[in-house]
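Report on the following structure.
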Amino acid sequence: MAITREEVLHVARLARLSLPEAEAERLREQLSAILDYVKQLDRLDTRDVVPTSHAIETGTPFRDDVVRPFGDREALLANAPDRLNDCFRVPRIIED
Amino acid sequence: MAFETVIGLEVHAQLSTRSKIFCACSTAFGAPPNANACPVCTGMPGVLPVLNRKAVECTIRTALATSCTVQRRSVFARKNYFYPDLPKAYQISQYELPVALGGHVDIEVDGGTKRIGITRIHMEEDAGKLVHEGEFAGAQASLADLNRCSVPLMEIVSEPDMRTPEEGGAYLRRLHDILVYLGVCDGNMEEGSFRCDANVSVRPVGQVAFGTKAELKNMNSFRNVEKALEYEIRRQVELIEDGGKVVQETRLWDANAGVTVSMRRKEEAHDYRYFPDPDLLPLIVDESWVEELRGTIPEMPAEKIARLARQYGIPRYDAGILASTRALADFFEASAAIYGGNPKTTANECVHWKDAVLAGTLSPETIAHAVEDRERGTISATASKTLVELVLSTGKPFRTLRDEQGLTQVSDTSSLDILVDKVLAASPKEVEGYRAGKAGLLSFFVGQVMKESRGKANPKMVQEVLKKRLG
Ligand SMILES: [Zn+2]
């Protein structure tokens, strides 16, 4: 199942990856091969099979609505490449 | 050409929980930047989200109050996109399998009732807040405050059932009332606890297919939603009449300019690549939990309006004003329980003093005593108003103030007799005139007696005594 160069570039854009021309073609071939491999599953009739999203079929556990402050803002900010006072500083988002 | 408008609304309501939806950080508004954040809600590696039970209960109760079907099994999904207010690079939401489907809300329009369908209700987490700092140290940057990340939201999606901006406004107000009645959302639109996006399109009357829709955002009051819809409908109709075509896009409402403005269309804006979140197992809601929560649903606004009108014999309009706020309706019922009398008067008083009632500075006794004293003729309407104002400024009980201020009307007939005799003796000509048939002179005598009593006489009783004396 071949995918197109445009699809490769689209997915790369969504993932914020910049691809050199040559690499785009190489990835197109590799991704196509992977998709062809997975496509073998289409030979199975899965009409009555509920898609499996999780390996175990129990419900999600809950927590009670209780506040427990983390209390170490510095630790969170320490991971950031840039900060201003107590905020994360990021490249300006252009909105127009 | 005549056009018909089609409106669907999406409401994002912040759920009234103390902690966030997937972590134990506080949801309190107005905390210092990033004070309410932790490794889970800032997307650090290796953390796991754990669902807040209260958030689920708020959503289920909303579903029950809007006649939706609660789904036994629903699934959390990741909505993927890059934006600095979203540290995980995905928002946990629900997509193909939301927690509730297929309900409705009844609104009142043009004296009738119209049913607006609800497509679905799902749970999701909010994103953080970006402050654009402008020019800083030669570089432009934005500042991210992640306090709101993972604050629990529910999204309520309506069917495209509304045909006018008024219907849109009526639906929003009714939905807002329901959420506040349930106590699942504080309803504060300015702080963003209750937000609305609108999908709006127009089509020639008679056409079955929908026109191309625009999505409107950034409306932070009921009035702004109505105004934005009015503007957008006019814009689309004019565009089509001029031979143009509506394009599918997101438009922002600019409240100052009173216009909607196109946001630049991002080519891939809607390629969110949703998939089930592997970190969260399906949400299983069994029937006994639903039934337990059904028992916690209070009387809803529409039922309350109907009951107040029926039980107290007040007009539906008045019942609607009272029921617009649960606290006001409760106050009215408490007042009416203390003094039955004419509930219409009690209703008027409650509406008149609404602000004080909702601020909690008036007690039901005050209104009950004010209404009772007026109806019994002990005080005048003017005195009643003065006294309630005094209650508010001094905090003293109504009847203490009434006696202290000497605002009681003279209603006992023996003291009125004396005043009436005095007035009649001083006006022999008018007495003669009245007896000769000039009935209009009665109000002259009433005025004279009131003057003699320095306003304290009960005008109704004065009239009665006068008629008896003159007749
Ligand atoms: Zn957190």
Side-chain angles (χ1 to χ4, degrees), chain A residues 3-19 31 34-35 38 46 49-96, chain B residues 17-19 22-28 32-40 42 44 50-56 73 75-76 80-85 87 128 130-134 136 139-146 263-264 267-268 271 273 275-278 280-286:
Chain A
I3 70 167
T4 64
R5 230 178 70 87
E6 282 63 42
E7 283 170 315
V8 172
L9 293 174
H10 172 70
V11 173
R13 224 169 13 247
L14 288 175
R16 299 296 187 272
L17 296 173
S18 69
L19 290 185
L31 288 169
I34 292 168
L35 289 170
V38 175
T46 56
V49 181
V50 180
T52 305
S53 57
H54 301 82
I56 42 172
E57 234 341 78
T58 58
T60 195
F62 299 107
R63 32 172 285 273
D64 291 332
D65 183 28
V66 176
V67 174
R68 267 185 291 113
F70 173 58
D72 193 355
R73 178 165 57 189
E74 279 308 309
L76 298 174
L77 284 159
N79 285 302
D82 195 6
R83 66 186 280 183
L84 180 72
N85 302 325
D86 295 323
C87 284
F88 297 93
R89 193 158 178 272
V90 297
R92 186 179 174 80
I93 299 303
I94 310 294
E95 302 220 54
D96 52 3
Chain B
T17 60
R18 282 187 284 269
S19 65
F22 299 121
C23 64
C25 290
S26 167
T27 56
N34 295 306
N36 294 343
C38 75
V40 178
T42 55
M44 299 294 169
V50 187
L51 185 57
N52 184 335
R53 184 189 291 106
K54 175 85 185 295
V56 179
R73 180 178 180 276
V75 170
F76 286 96
N80 299 279
Y81 63 94
F82 286 103
Y83 209 71
D85 63 4
L130 287 179
V131 181
H132 306 291
E133 71 169 351
F136 175 76
Q140 290 200 312
S142 298
L143 300 177
D145 171 5
L146 305 182
M263 272 174 86
R264 175 168 294 175
E267 228 177 305
E268 281 132 353
D271 199 344
R273 295 151 295 146
F275 65 89
D277 191 325
L280 285 155
L281 289 164
L283 168 59
I284 306 294
V285 179
D286 56 41

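So you know, we letter chains A, B, ... as the sequences are listed, proteins then strands, and number each from 1. Here the structure is a predicted model, which is why all the values come from computation and not from measurement.
No hydrogens or angles considered: nothing links the side chains of B:S19 and A:R68 as a donor-acceptor pair under 3.5 Å.
With chain B as the partner, the residue from A:V67, A:V66, A:D65, A:L76 showing the most heavy-atom pairs under 4.5 Å is A:D65. Chain A forms the most heavy-atom pairs under 4.5 Å with one residue out of B:P33, B:A24, B:P87, and that residue is B:A24. Of the residues considered (B:P278, B:C25, B:P39), B:P39 shows the highest number of contacts with chain A, using heavy-atom pairs under 4.5 Å. Among B:V50, B:N36, B:V75, the residue with the largest count of heavy-atom pairs under 4.5 Å with chain A is B:V50.
The two residues A:R63 and B:F22 make their nearest non-hydrogen contact at NH1-C, 3.9 Å. Smallest separation of non-hydrogen atoms from B:N52 and A:D64: OD1-C, 4.5 Å. Heavy-atom minimum distance, A:T58 versus B:P282: O-CD, 3.9 Å. Between B:L280 and A:T60, the shortest heavy-atom distance links the atoms CD2-OG1, 4.0 Å.
For chain A, no part of B:V285 is nearby; none of its heavy atoms comes within less than 4.5 Å. With a 4.5 Å cut-off on non-hydrogen atoms, A:A15 touches chain B through its backbone but not through its side chain. With a threshold of 4.5 angstrom between heavy atoms, A:N79 approaches chain B through side-chain atoms but not through N, CA, C or O.
With a 6.0 Å radius and a threshold of 12 heavy atoms from other residues, nucleotides or ligands, B:R53 has its CZ atom above the threshold.
In this structure, B:T42 OG1 and A:F70 CZ are separated by 7.5 Å, a value rounded to the nearest 0.5 Å. Annotation: the span from B:L146 atom CG to A:L77 atom CG amounts to 8.5 Å, rounded to 0.5 Å.
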Requested in this report: Mind running side-chain contact (heavy atoms from CB on, under 4.5 Å) on B:L143 and A:F88 for me, showing each step along the way?
Outcome: CA-CA 6 Å; B:L143 300 177; A:F88 297 93; over 6 Å; no

Query raised in the report: Hey, mind stepping through B:L281 and A:I56 against side-chain contact (heavy atoms from CB on, under 4.5 Å) and telling me if it holds?
Result: CA-CA 8 Å; B:L281 289 164; A:I56 42 172; 3.9 Å; yes

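Contact check for B:Y83 versus A:V90: no side-chain heavy atoms found under the 4.5 Å cut-off.
The closest donor-acceptor contact from the side chain of A:H54 to the backbone of B:P276 lies at 3.5 Å or more, if one exists at all.
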